[in-house]
Amino acid sequence: MLDPKIIRSDLNSVAEQLKKRNFELDVATLEALENNRKACQVNTESLQNERNTKSKSIGKAKAAGEDIQPLLDEVAGLGEKLDAAKSELNEVQRQMDAILMGIPNLLHDSVPVGKDEDDNVEIRTWGQPKTFDFDVKDHVDLGAVNGWLDFETASKITGSRYVVMHGQMAKLHRALIQFMLDVHTNEHGYTEVYVPYIVNSESLKGTGQLPKFEEDLFCVDKEAGHYLIPTAEVPVTNIARDEIFDAAQIPLKMTSHTPCFRSEAGSYGKDTRGMIRQHQFDKVEIVQLVSADKAWDVLEELTLHAESILQKLELPYRTVVLCSGDVGFSAAKTYDLEVWLPGQQAYREISSCSCFGDFQARRMQARWRNPETNKPELLNTVNGSGLAIGRTLVAVLENYQQEDGSILIPEVLKPYMGGVEKLQA
RNA sequence: GGAAGGGUGGCUGAGCGGUUGAAAGCACCAGUCUUGAAAACUGGCAAGGGUUUACGCCCUUCGUGGGUUCAAAUCCCACCUCUUCCGCCA
């Protein structure tokens, strides 16, 4: 969430900035609530002060052996007045919180203004889209060979938007995971973490999925408030929730492989073919928790870490910066990596790298102690996919396909495939 | 699942109805001493919020939520969580 102080002191400028996101801030309501809050809080606190002072004097009088009855009479009725004031204040604060929790992050100045994904701006490209001297297939047709990708069986077992992988395809999927984790831990200095795939609602509030985006999540236990993770970002980032780290402990650099579960509630009819948009997919996530002064450099660095995976796999891609209308709720700036898919003749998102400033850290109360001031300060959070495994598998299939339908194994994956050179059609 | 015992500041840990936001120790910061460091000594040191031009004053917080009371870290209830033992189990 945003710093309540800037909302109080600079509401109009906040509203102005949010317009770039097509977000209309109800300034009048917020101002009215704020004025009300102020009055209620002052009133409540002065009543509390009165109660505390009088209670102490009763204690002293009693210790001195004096008659306390007159003092007790004085304090009669105070309790009810206090209760009334408190419940009024609570109600105002509840209303304000509801609004505050629904306000998206402010954007970084460098984010281009735009309406939707069509206004995203290409930053750089890497590699050339491959040309083939035969008719290319998409991953669904390629995966049909040998029953490698089996959507029918998955729909029997569960339903649409799931996949069963068989044999060498399942192994290739696993190889991608191992490869990515190895690169990030060995070359980029991340520590591998294994985390729960079910999280509580506090964690989801911390990273910003709740309260606003509950429909995107799978709830496994309504009563306990337990949900399947939509991304490793949630459990990994929440490692820092309610913690104060020493300066020597940051930056925290963590990577984790997890499955991700998304209801895809808002995407009916979109990408229904193949495994581009699944309810369950795997991802290797990279996360950094850093001091505020480093955050923007770290976003650039972390994006390059994700890009390096595509480069090692020799998959052509481009990097785009999301425009103001397309940046997610909690992010201040986002780069998407889009891999070239010959089967679609298009670049498709394979990674999303974002800097959140202190937006998530404030919700989580994730802090570090600055040795210069000796005071706790909010961390900044930066994360990205490094990469989405299912979509990477799709990209490998389509980019490494041969005319006979077999798939060459990228050089860097061969050690993970037990020396296998290609998936034989 | 059964039994018992815990959850207190950055950490360890005392307190078990009233001047305790909380002893003591560690860590940290400043100073004295020292060529410098260490040790020793002295002092400082929770977070969040409100209000004020400011000094300051005030409120909240001892796992969470409720209750009792003029007054709760302290008593009562529920829940969460950790440890140990037993049972069951991948």
Side-chain angles (χ1 to χ4, degrees), chain A residues 1-9 11 30-31 33-97 100-101 194-206 210 220-227 235 238-250 252 289 291 358-379:
Chain A
M1 74 194 254
L2 299 178
D3 187 348
K5 284 196 191 101
I6 54 169
I7 292 191
R8 275 174 214 143
S9 62
L11 189 57
L30 217 46
E31 252 169 8
L33 277 171
E34 169 60 14
N35 288 334
N36 202 210
R37 190 221 98 232
K38 216 176 268 186
C40 285
Q41 185 160 345
V42 170
N43 180 237
T44 305
E45 289 187 359
S46 79
L47 285 169
Q48 281 171 327
N49 179 223
E50 191 181 342
R51 180 204 59 194
N52 291 345
T53 317
K54 292 203 166 136
S55 289
K56 270 182 190 169
S57 66
I58 291 174
K60 276 185 203 164
K62 208 174 172 188
E66 294 165 17
D67 180 17
I68 60 169
Q69 194 52 47
L71 289 165
L72 287 178
D73 293 341
E74 233 179 275
V75 97
L78 223 184
E80 279 129 62
K81 263 159 74 184
L82 222 182
D83 282 346
K86 262 191 202 163
S87 66
E88 198 184 345
L89 177 63
N90 281 341
E91 176 55 21
V92 174
Q93 257 164 354
R94 197 190 57 73
Q95 286 178 30
M96 282 199 80
D97 270 0
L100 257 37
M101 288 295 274
Y194 172 86
V195 291
Y197 303 157
I198 293 176
V199 292
N200 58 36
S201 47
E202 277 308 304
S203 294
L204 288 157
K205 270 182 210 154
L210 288 181
V220 292
D221 186 341
K222 189 91 189 161
E223 204 182 338
H226 285 170
Y227 297 81
N238 273 281
I239 286 174
R241 172 150 57 87
D242 294 323
E243 300 286 342
I244 301 174
F245 294 93
D246 290 334
Q249 292 175 282
I250 62 165
L252 258 75
L289 304 180
S291 57
D358 58 17
F359 188 85
Q360 292 181 323
R362 182 170 295 105
R363 290 175 166 227
M364 289 193 299
Q365 285 302 299
R367 294 172 292 177
W368 70 291
R369 195 175 291 278
N370 186 340
E372 283 174 27
T373 58
N374 218 19
K375 295 281 176 201
E377 291 179 13
L378 290 173
L379 285 163

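Each chain gets a letter, A, B and so on, in the order the sequences are listed, and its residues count up from 1.
In this structure, A/E66 has no salt bridge (charged side-chain N to carboxylate O under 4.0 Å, His left out) partners at least two apart in sequence or on a different chain. Applying the salt bridge (charged side-chain N to carboxylate O under 4.0 Å, His left out) rule to A/K375 yields no partners; only residues at least two apart in sequence or on another chain are considered. When the side chain to side chain contact (heavy atoms under 4.5 Å, CB included) test is applied to A/V220, the partners found at least two apart in sequence or on another chain are A/I198, A/H226, A/L228. Annotation: side chain to side chain contact (heavy atoms under 4.5 Å, CB included) contacts of A/S291 (sequence neighbours excluded): A/I250, A/D293, A/K294, A/W368. For the salt bridge (charged side-chain N to carboxylate O under 4.0 Å, His left out) test, residues two or more places apart in sequence or in another chain that qualify with A/E91 are A/R94. A/R367 pairs by the side chain to side chain contact (heavy atoms under 4.5 Å, CB included) definition with A/I244, A/Q365, A/P376, A/L378, not counting sequence neighbours. A/Q93 pairs by the side chain to side chain contact (heavy atoms under 4.5 Å, CB included) definition with A/R37, A/Q41, A/L89, A/N90, not counting sequence neighbours.
Nucleotides B/rG6 and B/rA71, compared at atom C1', are 27 Å apart to the nearest Å. Nucleotides B/rU74 and B/rG63 are separated by 8 Å at their P atoms, to the nearest Å. Taking atom C1' on both nucleotides, B/rG18 is separated from B/rC88 by 50 Å, rounded to a whole Å. Annotation: B/rC79 and B/rA27 have their P atoms spaced 42 Å apart (nearest Å). One P atom belongs to B/rU52, the other to B/rG25, and the distance between them is 40 Å to the nearest Å. On the P atoms, B/rU68 is 48 Å away from B/rU42, given to the nearest whole Å. Taking atom C1' in both B/rA14 and B/rA23, the straight-line distance is 6 Å, to the nearest Å. Rounded to a whole angstrom, the distance from the P atom of B/rG5 to that of B/rC75 is 14 Å.
In this structure, a donor-acceptor pair under 3.5 Å is absent between the side chains of A/S46 and A/N49.
Looking at heavy atoms from C-beta onward, A/L100 lies out of side-chain contact with A/L2 at the 4.5 angstrom threshold. Side-chain contact between A/N238 and A/M364 is present, with at least one heavy-atom pair separated by less than 4.5 Å. Taking 4.5 Å as the limit, every side-chain heavy atom of A/D358 sits out of range of all side-chain heavy atoms of A/L379.
In the set B/rA47, B/rG50, B/rG18, B/rA47 carries the atom at the smallest distance from any side-chain atom of A/R367. With B/rG49, B/rA47, B/rG18 as the choices, the nucleotide that has an atom nearest any side-chain atom of A/S55 turns out to be B/rG18.
Counting non-hydrogen atoms of other residues, nucleotides and ligands closer than 6.0 Å to CD of A/Q69 gives a total above 12.
What separates CG of A/L47 from C1' of B/rC70 is a distance of 15 Å, to the nearest Å. Taking atom CG of residue A/N35 and atom P of nucleotide B/rG50, one finds them 14 Å apart after rounding to whole Å. For A/R369 and B/rA47, the CZ to P distance is 6 Å, given to the nearest whole Å. Put simply, CD on A/E223 is 12 Å from P on B/rC79, counting in whole angstrom units. For the pair A/W368 CH2 and B/rA47 C1', the interatomic distance rounds to 17 Å; values are reported in whole Å. As a whole-Å value, the separation of A/I58 CD1 from B/rG17 C1' is 13 Å.
Counting all heavy atoms, side chain and backbone alike, A/I68 lies closest to A/A61 at CG2-CB, 3.9 Å.
Checking side-chain atoms of A/Q95 against main-chain N and O of A/V92 turns up no donor-acceptor pair under 3.5 Å.
Within residues 371-378 of chain A, the residues approached by RNA chain B to less than 4.0 Å at the level of any non-hydrogen atom are A/N374, A/K375, A/P376, in residue-number order. Contacts with RNA chain B (heavy atom under 4.0 Å) in residues 65-93 of chain A: A/L72, A/V75, listed by number.
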query = In B/S/- notation, 5' to 3', how is nucleotides 51-66 of chain B contacted by protein heavy atoms closer than 4.0 Å?
reply = S------BSS------
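Position along RNA chain B of the nearest nucleotide to A/Q365 versus A/I244 favours A/I244 as the more 5'-ward residue.
Consecutive Watson-Crick or G-U pairing (both distances under 3.5 Å) extending over three or more pairs maps onto RNA chain B as B:1-7 with B:80-86, B:10-12 with B:24-26, B:28-32 with B:40-44, B:46-51 with B:56-61, B:63-67 with B:75-79.
If you check distances only, the side chain of A/K56 never reaches the base of B/rG18 with a donor-acceptor pair under 3.5 Å.
For residues 67-89 of chain A, the set of pairs meeting the salt bridge (charged side-chain N to carboxylate O under 4.0 Å, His left out) definition, not counting sequence neighbours, comprises A/K54-A/E74.
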